[in-house]
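Order of the sequence lines fixes the chain letters, A, B, ..., with proteins taken first and strands second; residue numbering starts at 1 for each chain.
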2 protein chains.
Amino acid sequence: MRPQKVADHVLLENMISVFRFNGYEGASLNDLANASGLKKASLYHRFPNGKKEIGSAVLAYITEGITNNIYQVLADKNVSADIRLNTVLENINEVYDGGKNSCILRVLSMDSGLELFGDQIKFSMNIWIDAFTLLGIDFGSTKKEAKSKANKSLVLIQGSLVVTKAMSSLIPFQEALKDLRNLYIE
Amino acid sequence: MRPQKVADHVLLENMISVFRFNGYEGASLNDLANASGLKKASLYHRFPNGKKEIGSAVLAYITEGITNNIYQVLADKNVSADIRLNTVLENINEVYDGGKNSCILRVLSMDSGLELFGDQIKFSMNIWIDAFTLLGIDFGSTKKEAKSKANKSLVLIQGSLVVTKAMSSLIPFQEALKDLRNLYIE
DNA sequence: AATTAATTACCGAACGTTTGGTATATTTGA
DNA sequence: TCAAATATACCAAACGTTCGGTAATTAATT
């Protein structure tokens with residue numbers, strides 16, 4: 001059996017950067033093919049259902065990332081809550097490249113994206129919220145308080161990424177990371 | 001001179017709802033024409049430079065709204081800071097229809113929008129920030145503190161609108177309005 | 001008061017281009 | 001030699017845009 005020219009995860013990473021830059025509607029199959037290193041028709045071999053399946057696969061990949069880099073870190077009771085929080089803040093900073101990267105969940109929830117991927121996006125965001133809710137409880141909050149803080153954490157990151165991109169300044173994102181920390185510490 | 005079938009502001013309001021729903025790339029000229037009550041070719045009479053000019057006109061219209069409903073309210077020293085804040089919160093709630101409406105500034109800063117409209121979007125957001133900075137100073141903050149709070153207000157609203165839309169729940173937006181109020185009161 | 005000229009608003013039909021998607025052929029490694 | 005992976009060539013439909021021409025109104029001339 002002939003080997004793949006481009007590995008799955010490489011393919012997905014390349015797609016992600018196209019979606020980040022052009023949005024879902026704005027990303028044409030030619031854009032995606034060019035970025036992937038494969039030809040357009042070959043993308044249909046890897047993703048038989050076309051652009052929708054690419055978007056869906058990207059979201060599944062991102063969901064895996066959120067699970068590994070956020071949920072599993074925050075749910076690990078072997079580590080102190082302080083350190084878990086710091087680790088996750090570092091991971092968030094890394095994933096969004098200090099604020100330079102847009103959030104794929106937001107990008108794919110624009111245009112026709114919400115209709116196509118709404119469930120997957122909700123699912124991913126709920127993992128984020130569940131993760132930070134666990135953290136809040138370990139920091140001594142009631143479940144209700146913890147859930148409220150978790151929602152705030154999501155709002156902070158999403159909002160700061162919007163403002164950071166629109167204002168061409170990384171400061172809002174960096175400030176949001178501090179604010180997110182202050183939600184739990186002090 | 002033959003009268004216009006559809007008044008400018010009606011035209012723009014209709015365009016806005018199309019952009020809100022479909023994004024910039026996702027909004028086709030057919031969509032825009034259908035929503036406007038004019039035919040596609042007639043849109044080119046009203047906006048000779050096509051889709052770009054429509055986006056630009058929409059942003060100019062939104063900027064006017066921000067100036068009237070937010071900046072002018074918050075800059076009016078004849079009214080107590082408390083009341084100004086409440087008025088603006090009501091206006092924000094109204095403009096975004098309790099969270100149901102996406103923010104056009106965010107919608108048009110996606111896809112190719114940032115490239116086309118970046119300056120206008122930055123300009124609008126700066127009006128928001130300037131307005132809330134004035135408020136913060138009147139609430140007793142230093143200029144630096146006031147500016148930081150103003151940025152937070154923008155992040156809160158943008159983020160909560162993203163989360164509200166993605167999660168199909170108006171709660172994040174409503175919570176953000178409360179959080180925004182608490183930035184200044186208490 | 002009537003007619004004509006000028007101006008503006010609008011629209012059906014078509015433009016070239018790009019879109020997402022396929023049918024068919026070739027390459028490649030087991 | 002067989003099956004999976006990739007590539008070339010192609011397509012109908014939709015895209016943003018343009019054009020020739022018509023409808024509706026005002027201004028000017030008689």
Counting only side-chain nitrogens and oxygens, does [X] get under 4.0 Å of the OP1 or OP2 atom of [N]?
| X | N | result |
| --- | --- | --- |
| B:R46 | C:dC10 | yes |
| B:N30 | D:dA14 | no |
| B:S42 | C:dC11 | yes |
| B:S28 | D:dC15 | yes |
| A:K5 | D:dA7 | yes |
| B:H45 | C:dA9 | yes |
| B:Y44 | D:dT18 | no |
| B:K52 | D:dG16 | no |

(message) Count I, L, V, M, F, W, Y as connected when their side-chain heavy atoms are under 4.5 Å apart, and connections chain through other members. Are B:I121 and A:F21 then in the same cluster?
(response) no

(message) Among D:dT8, C:dG12, C:dA9, which nucleotide has an atom closest to any side-chain atom of B:Q4?
(response) C:dA9

(message) Under 4.0 Å, heavy atoms only, any strand: does A:A27 hit a base, just the sugar-phosphate, or nothing?
(response) sugar-phosphate

(request) Whole angstrom is fine here: how far is it from NZ in B:K40 over to C1' in D:dT17? (result) 8 Å

(request) Answer yes when B:D138 and B:K77 have at least one side-chain N-carboxylate O distance shorter than 4.0 Å, and no when they do not. (result) yes

(message) Both A:V6 and B:P3 contact DNA chain D. Taking the nearest nucleotide for each, which residue is further toward the 5' end?
(response) A:V6

